[in-house]
Amino acid sequence: MQDLPRVYTGAMTTIRCRGVLFDLDGVLVDSTPAVARVWAAWAREHGFDADEIVRRAHGRPSLTTIRELLPDADHEAENREVERREIEDVDGVIPLPGALELLRALPAERWAIVTSCTSPLARVRIRAAGLPLPQHLVTSNDVLHGKPDPEPYLKGALLLGVPPAECVVLEDAPAGIRAGKAARARVVALRTTADDTELLQAGADWIANDCLDITLGSYRDGEAFLIVGRQTK
């Protein structure tokens, strides 16, 4: 498939692909208030700076963050506690702009959600935001190595039966962008979490504001034509 030139701002761009791999938090779902509450409380209990821990935890498996911060702790127990708190706290978990419309437009068998959440947490947030449960879901329970390792997106492409190079990844976190690029997929980064400099440094091919900037132009012969860039009526 032919790669298109990078477009970072307002120009409309059409991307041809056979599969779309969505990150969850920050792409389809806004769980920022809940995530911040849980991780800030956890950080204070362990004597860490809350703002720094909230930033570090985004877009990565919680177990990875816990192992880095508490090398001598019972990592599984700490992770279960963080997960329990996150599952219980869905206050303010809502769909991000354009997410529901884009998911409904795409054929169900042509997209997957690839998230650093555990499977129970991912399903809770998907339901809380009123989004359709995907046919294909990759969570931290399904991989040995989380983002920025390419394994999650390689598995997502495998579930779709599509080569990674023919998939488009939608991501908001630098770790997720790196995972998508390492899997040899093309990546549309969303400005919902990080600034353009961070997104570009991570390797984003295109940048959009949110899913409202991405529409399905057409779908035929197993190929989707995604239009990146906010359309005006």
Side-chain angles (χ1 to χ4, degrees), residues 15 17 19-39 54-55 57-62 83 85-140 147 152-153 156 159-160 167-177 179-180 187-195 199 204 206-217 219 224 226-233:
I15 307 172
C17 64
V20 184
L21 304 173
F22 293 92
D23 180 37
L24 181 60
D25 298 297
V27 172
L28 299 174
V29 169
D30 182 4
S31 58
T32 302
V35 170
R37 285 191 297 268
V38 169
W39 279 101
V54 170
R55 184 197 64 78
H58 183 73
R60 309 164 75 217
S62 58
E83 181 186 30
R85 296 182 188 187
E86 289 189 310
I87 287 173
E88 290 180 354
D89 190 345
V90 293
D91 186 30
V93 174
I94 58 173
L96 280 163
L100 183 57
E101 293 82 358
L102 183 54
L103 293 182
R104 285 176 172 170
L106 288 165
E109 71 277 8
R110 293 291 88 195
W111 61 272
I113 292 178
V114 180
T115 175
S116 296
C117 294
T118 63
S119 179
L121 178 57
R123 293 175 187 279
V124 163
R125 287 184 176 161
I126 291 167
R127 290 191 183 98
L131 298 177
L133 285 172
Q135 287 187 14
H136 305 293
L137 175 64
V138 179
T139 72
S140 63
K147 303 172 187 178
Y153 282 117
L159 289 176
L160 296 184
C167 290
V168 170
V169 166
L170 270 66
E171 263 287 356
D172 68 307
I177 295 169
V187 179
V188 178
L190 305 185
R191 295 185 175 102
T192 51
T193 303
D195 61 32
L199 301 176
W206 300 276
I207 297 179
N209 290 321
D210 50 41
C211 284
L212 265 182
D213 280 355
I214 303 169
T215 53
L216 179 64
Y219 181 82
L226 297 180
I227 300 173
V228 180
R230 190 154 299 188
Q231 302 186 65
T232 56
K233 294 183 180 180

Student: Got a sec, which residues hit side chain to side chain contact (heavy atoms under 4.5 Å, CB included) with Val124, two or more places apart in sequence or on another chain?
Tutor: Ile87, Val90
Student: Of the non-hydrogen atoms in Tyr153 and Gly176, which two are nearest, and what is the gap between them?
Tutor: CE1-O, 3.7 Å
Student: Rounded at 0.5 Å granularity, tell me how far CG in Leu103 sits from CG in Leu133.
Tutor: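 Between atom CG of Leu103 and atom CG of Leu133 there are 11.0 Å.
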Student: Restricting to non-hydrogen atoms, name the atom on Thr193 and the atom on Gly26 that form the minimum distance, rounded to 0.1 Å.
Tutor: OG1-CA, 4.4 Å
Student: Would you please name every residue forming a side chain to side chain contact (heavy atoms under 4.5 Å, CB included) with Ala34, sequence neighbours left out?
Tutor: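 Scan of Ala34 (side chain to side chain contact (heavy atoms under 4.5 Å, CB included), adjacent residues dropped) gives Arg37, Asp89, Val93.
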Student: Evaluate Leu199 against Val187 for side-chain contact (heavy atoms from CB on, under 4.5 Å), listing each step before the verdict.
Tutor: CA-CA 10 Å; Leu199 301 176; Val187 179; over 6 Å; no
Student: Which residue pairs pass the salt bridge (Lys or Arg N to Asp or Glu O under 4.0 Å) test with at least one member in residues 90-110, sequence neighbours excluded?
Tutor: none
Student: Would Val188 and Ile15 satisfy side-chain contact (heavy atoms from CB on, under 4.5 Å), going step by step from the backbone distance to the final call?
Tutor: CA-CA 10 Å; Val188 178; Ile15 307 172; 3.9 Å; yes
Student: Are Leu170 and Asp23 close enough that some pair of their side-chain heavy atoms sits under 4.5 Å apart?
Tutor: no
Student: Who pairs with Asp172 by salt bridge (Lys or Arg N to Asp or Glu O under 4.0 Å), at least two apart in sequence or on another chain?
Tutor: none
Student: Got Thr139 and Thr118 here, is their nearest side-chain heavy-atom distance under 4.5 Å?
Tutor: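 No - every pair of side-chain heavy atoms lies 4.5 Å or more apart.
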Student: Do you know which two heavy atoms are closest between Glu86 and Leu121, and how far apart they sit?
Tutor: OE1-CD2, 3.1 Å
Student: How about Leu96 and Asp210: do any of their side-chain heavy atoms sit closer than 4.5 Å?
Tutor: no
Student: I need the minimum non-hydrogen distance between Gly180 and Val169, along with the two atoms involved.
Tutor: CA-CG2, 4.3 Å
Student: Going by the salt bridge (Lys or Arg N to Asp or Glu O under 4.0 Å) test, which pairs reach into residues 26-36, not counting sequence neighbours?
Tutor: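 Non-adjacent pairs meeting salt bridge (Lys or Arg N to Asp or Glu O under 4.0 Å): zero.
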Student: For residues Lys147 and Val114, determine if any side-chain heavy atom of one lies less than 4.5 Å from a side-chain heavy atom of the other.
Tutor: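 Contact flag for Lys147/Val114 side chains = yes.
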Student: Does any part of the side chain of Asp25, heavy atoms only, come nearer than 4.5 Å to the side chain of Cys117, both counted from C-beta?
Tutor: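 Result yes, sub-4.5 Å side-chain heavy-atom pair found.
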Student: Could you report the tightest heavy-atom contact between Cys211 and Ala99, atom names first, then the distance?
Tutor: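 Heavy-atom minimum between the residues: CB-N, 3.7 Å.
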Student: When you compare the side chain of Ser116 with that of Leu24, does any pair of heavy atoms fall below 4.5 Å?
Tutor: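 No - every pair of side-chain heavy atoms lies 4.5 Å or more apart.
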Student: Which value, rounded to the nearest 0.5 Å, describes the distance between Thr215 atom OG1 and Leu106 atom CG?
Tutor: 10.0 Å
Student: State the CD1-CG distance between Ile214 and Leu216, to the nearest 0.5 angstrom.
Tutor: 11.5 Å
Student: Indicate yes or no: at least one non-hydrogen side-chain atom of Leu226 is less than 4.5 angstrom from one of Trp206.
Tutor: no
Student: Just how far is it from atom CZ of Arg85 to atom CH2 of Trp39, taken to the nearest 0.5 Å?
Tutor: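 If we round to the nearest 0.5 Å, Arg85:CZ and Trp39:CH2 are 10.0 Å apart.
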Student: For Pro132 and Leu100, work out which heavy atoms get closest and say how close.
Tutor: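 Closest pair (atom of Pro132, atom of Leu100, distance): CD-CD1, 3.7 Å.
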Student: Among all residues two or more places apart in sequence or in another chain, which pass the side chain to side chain contact (heavy atoms under 4.5 Å, CB included) test with Pro134?
Tutor: Trp111, Ile113, Ile126, Leu137
